[in-house]
There are 2 protein chains.
Amino acid sequence: MEKTLHDTCEETCSGNELDLGKIKGNLISPSTALEVSDWFKALGDPTRVKIIHALLQSEMCVHDLTQVLEMGQSAVSHQLRLLRNVRMVKRRKVGKTVYYSVDDDHVEEIFGQTLQHVKHD
Amino acid sequence: MEKTLHDTCEETCSGNELDLGKIKGNLISPSTALEVSDWFKALGDPTRVKIIHALLQSEMCVHDLTQVLEMGQSAVSHQLRLLRNVRMVKRRKVGKTVYYSVDDDHVEEIFGQTLQHVKHD
DNA sequence: TACTAATATGAATATATGTTCATATGATAA
DNA sequence: TTATCATATGAACATATATTCATATTAGTA
């Protein structure tokens with residue numbers, strides 16, 4: 001039998017041409033995939049998880065965050081910038097002090113759910 | 001005035017010693033922070049977002065995923081292994097074919113919420 | 001057996017990322 | 001102004017990560 005375009009994985013796999021075509025049609029767009037992954041990526045680092053966890057308890061200035069997390073000021077500041085870029089946190093300046101807080105109800109919701117999920121497993 | 005241990009950021013920052021001590025006491029543990037970040041990190045890549053999105057529509061074998069996502073078989077396989085390591089997907093073997101599907105109700109919930117969140121902004 | 005299909009995996013490479021260091025900026029106080 | 005505090009930021013470095021390539025494994029088929 002001659003080879004055709006569709007001679008593999010036809011009987012065993014779920015996808016016949018129609019199914020695959022339908023799924024390809026419903027594919028998430030590359031730009032949306034990137035936005036979603038960027039959002040998750042922001043919580044994909046233990047330092048940022050600690051920062052968000054702390055800020056969910058209370059608004060805090062950079063200095064206090066460095067004390068609480070026992071990290072260098074620069075590292076904290078860099079991570080805060082990243083979190084601000086995806087709008088997970090916002091800042092409020094008072095004099096020379098900058099207060100950061102969580103700026104996204106969705107973050108609190110998802111973060112709490114995931115914390116629970118990870119804990120009882 | 002002589003310098004003391006706490007002579008900075010006292011009047012302006014929110015954290016007096018008590019507040020900071022309380023927050024430090026409630027800190028997320030390093031291992032939990034790592035678990036949480038690993039979970040989010042799994043969704044922190046556009047390729048894996050596409051894979052999860054596709055698998056949420058239908059169980060699929062590796063071959064079909066490569067067709068749907070127009071990616072190399074090896075790349076897909078590597079990412080599926082990563083997703084399996086954090087138990088976001090599971091596999092089911094039928095002969096030489098391996099079917100993957102989402103193995104975590106929490107993923108569906110969070111993914112859907114986040115997709116909505118990202119979309120109307 | 002030999003052959004092919006479906007998937008998995010180790011190594012290599014290029015890119016991304018997190019932290020540190022040094023320094024810059026901005027604000028307040030002396 | 002000068003000095004200091006709080007924060008931000010660019011560069012450098014080390015580590016992590018995603019993809020590709022080649023090959024291994026496993027299961028079916030001739």
Side-chain angles (χ1 to χ4, degrees), chain A residues 1-15 30 33-34 37-38 40-51 60-67 69-86 89-100, chain B residues 1-15 30 33-34 37-38 40-51 60-67 69-86 89-100:
Chain A
M1 174 192 167
E2 181 128 46
K3 269 199 159 207
T4 75
L5 263 171
H6 306 289
D7 62 340
T8 62
C9 201
E10 283 282 305
E11 306 89 28
T12 50
C13 287
S14 56
L34 200 60
S37 65
D38 279 344
F40 282 117
K41 193 182 294 180
L43 293 173
D45 172 80
T47 293
R48 291 191 294 272
V49 164
K50 291 175 193 166
I51 289 176
M60 242 178 290
C61 72
V62 179
H63 180 267
D64 284 352
L65 268 175
T66 63
Q67 301 295 308
L69 304 181
E70 297 177 345
M71 290 184 52
Q73 178 269 322
S74 184
V76 171
S77 199
H78 277 297
Q79 299 298 0
L80 284 171
R81 183 158 62 115
L82 194 153
L83 290 170
R84 209 158 63 86
N85 284 341
V86 295
V89 303
K90 67 183 173 209
R91 41 178 196 179
R92 176 174 74 86
K93 293 183 78 169
V94 176
K96 48 188 170 182
T97 306
V98 180
Y99 295 96
Y100 279 84
Chain B
M1 174 189 167
E2 183 129 45
K3 269 200 159 202
T4 73
L5 262 169
H6 306 288
D7 63 340
T8 61
C9 202
E10 284 282 305
E11 306 87 29
T12 49
C13 288
S14 54
L34 200 61
S37 66
D38 279 344
F40 282 116
K41 193 182 295 180
L43 292 172
D45 172 81
T47 294
R48 291 192 292 272
V49 164
K50 290 175 194 166
I51 290 176
M60 241 178 289
C61 71
V62 178
H63 180 267
D64 284 352
L65 269 175
T66 64
Q67 299 296 305
L69 304 180
E70 297 177 345
M71 290 183 52
Q73 178 268 321
S74 184
V76 171
S77 201
H78 277 296
Q79 299 297 0
L80 285 171
R81 184 158 61 115
L82 194 153
L83 290 171
R84 209 157 63 86
N85 284 341
V86 295
V89 303
K90 65 185 174 203
R91 38 177 199 180
R92 175 172 74 87
K93 294 184 76 168
V94 176
K96 49 188 169 181
T97 305
V98 179
Y99 294 96
Y100 280 84

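As the structure is a computational prediction, the values presented were derived from the model and not from experiment. Below, chains carry the letters A, B, ... as their sequence lines are ordered, and counting in each starts from 1. Just so you know, these numbers use all the heavy atoms, side chains as well, and skip hydrogens, waters and symmetry mates.
As a whole-Å value, the separation of B:D38 CG from C:dG18 P is 13 Å. Protein atom CG of A:L65 is 15 Å distant from nucleotide atom C1' of D:dA8, rounded to whole Å. Rounded to an integer number of Å, the gap from CZ of A:R92 to C1' of D:dT7 is 15 Å. Going from atom CG of B:L34 over to atom C1' of C:dG18 covers 14 Å, rounded to whole Å. Here the P atom of nucleotide D:dT4 and the NE2 atom of A:H63 are 16 Å apart, to the nearest Å. One atom, CG of A:N85, and another, C1' of D:dT9, lie 13 Å apart when rounded to the nearest Å. The CD1-C1' distance, from B:I51 to D:dA18, rounds to 11 Å in whole Å.
End-to-end axis angle of the helix from C:dT1-D:dA30 to C:dA30-D:dT1, using five pairs per end and rounding to 10°, comes to 0°.
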Item to check | Protein proximity profile, nucleotides 19-30 of chain D - base contact B, sugar-phosphate-only contact S, no contact -, cut-off 4.0 Å on heavy atoms | outcome: BBBB----SS--

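Considering CZ of A:R91 and OG1 of A:T97, their distance stands at 13.0 Å, rounded to 0.5 Å. To the nearest 0.5 Å, the span separating NE2 on B:H63 from NZ on B:K96 amounts to 11.0 Å. From B:L34, atom CG reaches atom CG of B:D38 across 4.5 Å, with rounding to the nearest 0.5 Å. Note: B:L43 CG to B:L83 CG = 7.5 Å, rounded to the nearest 0.5 Å. With values rounded to the nearest 0.5 angstrom, B:D64 atom CG is found 10.5 Å from B:L69 atom CG. The distance from atom OG1 of A:T66 to atom CE of A:M60, rounded to the nearest 0.5 Å, is 10.5 Å.
For the OP1/OP2 pair of D:dT7 and a distance below 4.0 Å, the side-chain nitrogens and oxygens of A:R81 include no atom meeting the criterion. Considering only side-chain N and O atoms, A:R48 lies under 4.0 angstrom from the phosphate OP1 or OP2 of C:dG18. Contact annotation: B:R91 reaches the phosphate of C:dA8 (side-chain N/O to OP1 or OP2, under 4.0 Å). Checking the phosphate oxygens (OP1, OP2) of D:dA6, no side-chain nitrogen or oxygen of A:Y100 falls inside 4.0 Å.
Closest non-hydrogen pair, A:K41 versus B:G44, comes out as CE-O, 2.9 Å. The two residues A:V49 and B:S37 come nearest to each other via the heavy atoms CG2-CB, 3.8 Å.
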Please table the atom pairs, donor to acceptor, closer than 3.5 Å between any side-chain atom in residues 72-82 of chain B and protein atoms at least two apart or in another chain.
residue : atom : partner : partner atom : Å
B:Q79   : OE1  : B:R48   : NH1          : 2.8

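Taking every side-chain heavy atom of A:L82 into account, C:dG18 is the closest of C:dA8, C:dG18, D:dA6.
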